[in-house]
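Just so it is clear: chains get the letters A, B, ... in the order the sequence lines come, proteins before strands, and each one is counted from 1.
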4 protein chains.
Amino acid sequence: MEFKDQQAIYLQIAELFCENILLQKWHPGDRIPSVREMAVNIEVNPNTVMRTFTYLQDKGIIYNKRGIGYFVTDDGLERTRTLRRDQFINQELPHIFKQMELLGLNLDDLKNYYTEHKPNE
Amino acid sequence: MEFKDQQAIYLQIAELFCENILLQKWHPGDRIPSVREMAVNIEVNPNTVMRTFTYLQDKGIIYNKRGIGYFVTDDGLERTRTLRRDQFINQELPHIFKQMELLGLNLDDLKNYYTEHKPNE
Amino acid sequence: MEFKDQQAIYLQIAELFCENILLQKWHPGDRIPSVREMAVNIEVNPNTVMRTFTYLQDKGIIYNKRGIGYFVTDDGLERTRTLRRDQFINQELPHIFKQMELLGLNLDDLKNYYTEHKPNE
Amino acid sequence: MEFKDQQAIYLQIAELFCENILLQKWHPGDRIPSVREMAVNIEVNPNTVMRTFTYLQDKGIIYNKRGIGYFVTDDGLERTRTLRRDQFINQELPHIFKQMELLGLNLDDLKNYYTEHKPNE
DNA sequence: GTGGTCTAGACCACC
DNA sequence: GTGGTCTAGACCACA
């Protein structure tokens, strides 16, 4: 797996996890891969993965069963969605809108970019 | 002045400068405040301000007259606009669109937020 | 059965056993449920229950008859009481008192909480 | 500095910090010693100290000024007190009272121990 | 097998 | 000088 340089790896892993949950590849109650397993898969130090786990546990998105592993919490999907949505609306959107104003872009411009970008993904 | 914790202070100052140029508070050819002056105003280490100046000089947005100060370049407005526009379209927009997809938001939702946010600014 | 995350499960099971003895649900000489039985009941790995048994046997609270099962020792009640009392007085109380001092609580505050909590149990 | 073996070192350091705040050795707004400084003082790896800092920052008790250091938040004292008080009342007290009941101790017994222990500290 | 903690040492960005 | 992140490797308790 490849990581961007600008953001901490453990946070990029966290985003990956959140995407898996949002895309419902991982469901509430599911056991997620062990620290070591993940570490090998994405070619990263186990400590780094551990950090991601701790971070997400703190957010109430995953929890631990002693000696067994980590699991998505029952309200994990909901929490993830809320977390990301709030972040998006309260932090990213205002910034975006400010940018648009400064750059003289309007929603129609955005729409055009959207239709262009969308198919490439 | 207050700074976010997530982004380097010198970059936040750079943003401030760019805004001043885009909003045409500062025009091409204008002298901009000295390092010391800025440092005192925004309560920041002069080294940090210096870094902003170097950064913007590098982008061709400001230039230095030895012993006199820093000035907005003749094509400073244009450069700033291009710089920010490219950044916005190539880096921020794709990310935004991806988020929207994950969160199940569409352009109409955005529109609603837009009309809500706009008046507050 | 639900377990706290902060303490080893086998110790939490041990506490449960001690309570049963202190509350005289289990008397000296009584046979206590088998490992498997317990494991099924409280939904825990048999190894974990086994560990509790070993632990308590070590403390002289239960003993084993090969091929038959585990039994509360003749002085099991007494031992349990002593064990817990010592632990309580020498380890927990000093900590409690320190906390109270730091938090500015006194014995009267404790008394109030006591009268509040008691009826709920 | 000496650490107990039963609790993670980084948490014991956190407790130390909280005590300093509760005892008003450290006041809101104060800069606290740097990671490296602490690490040398208490003879622990800087990473371990870092972990404590991250933990307390998460609790809103300290915050970071980039490149300068960590500071006690304005409501640090209050937060610490609330945090510890809640923990004490909701988690420790019920356990204590349960123990007392099992062991046949009452508040007067506690009082006696209190007067005994107190002067030793 | 699982996670959890710690050390040692390195590198980086930032002030 | 400050913090922040990462790697490597070790040890431990627990299930």
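Heavy atoms of other residues, nucleotides or ligands lying less than 6.0 angstrom from CD of A/Glu78 number 12 at most. When the shell of 6.0 Å around CZ of B/Arg36 is examined, it contains 12 or fewer heavy atoms from other residues, nucleotides or ligands.
In this structure, D/Leu11 and D/Tyr55 have side chains that are in contact, with non-hydrogen atoms separated by less than 4.5 Å. Between C/Lys4 and D/Gln91, the closest side-chain pair of non-hydrogen atoms is not below 4.5 Å. Within the 4.5 Å cutoff, the side chain of A/Phe53 has heavy atoms near those of the A/Ile32 side chain.
Pairing of E/dT7, defined by two Watson-Crick or G-U wobble distances under 3.5 Å, is identified with F/dA8. Under the Watson-Crick and G-U wobble criteria, each requiring two contacts below 3.5 Å, nucleotide F/dC14 is paired to E/dG1.
Across the interface with DNA chain E, nearest-nucleotide mapping of A/Gly67 and D/Ile9 shows A/Gly67 to be the residue nearer the 5′ end. Mapping D/Ile68 and A/Gly69 onto DNA chain E by nearest heavy atom places A/Gly69 closer to the 5' end of the strand. Of the two residues contacting DNA chain F, namely C/Ala8 and A/Tyr10, the nearest-nucleotide position lying further toward the 5' end is that of A/Tyr10. When each of D/Glu37 and C/Arg51 is assigned the nucleotide of DNA chain F with its nearest heavy atom, D/Glu37 is the one assigned upstream, toward the 5' end.
Atoms CG (D/Asn47) and P (E/dA10) sit 13 Å apart, rounded to a whole Å. In this structure, the CD atom of D/Glu43 is 11 Å from the P atom of E/dA8, given to the nearest Å. Here the C1' atom of nucleotide E/dT5 and the CG atom of A/Asn64 are 14 Å apart, to the nearest Å. Counting to the nearest Å, the P atom of E/dC6 and the CD atom of D/Gln6 are 13 Å from each other. Distance, A/Ile32 CD1 to E/dT2 P: 13 Å, rounded to whole Å. The separation between B/Tyr55 atom OH and E/dC15 atom C1' is 18 Å, rounded to whole Å. If you measure from atom CZ of A/Arg66 to atom P of F/dA15, you get 5 Å, rounded to the nearest angstrom. Atom CZ in C/Phe53 sits about 18 Å away from atom C1' in F/dC14, given to the nearest Å.
For D/Arg36 and F/dG1, a side-chain-to-base donor-acceptor distance below 3.5 Å is absent, hydrogens and geometry of angles not being considered.
The side chain of A/Val44 approaches F/dT7 more closely than any other nucleotide in the set F/dG3, F/dT7, F/dC14. Here the side chain of A/Val35 is nearest to one of E/dG3, E/dT7, F/dT5, namely E/dG3. For D/Arg31, whose side chain is taken as the heavy atoms from C-beta onward, the closest listed nucleotide among E/dC6, F/dT2, F/dC6 is F/dT2. Closest approach to the A/Asn45 side chain among F/dT7, F/dG3, E/dT2 is made by F/dT7 (side chain taken as heavy atoms from C-beta onward).
Residue A/Thr48 places at least one side-chain N or O under 4.0 Å from the OP1 or OP2 atom of F/dT7.
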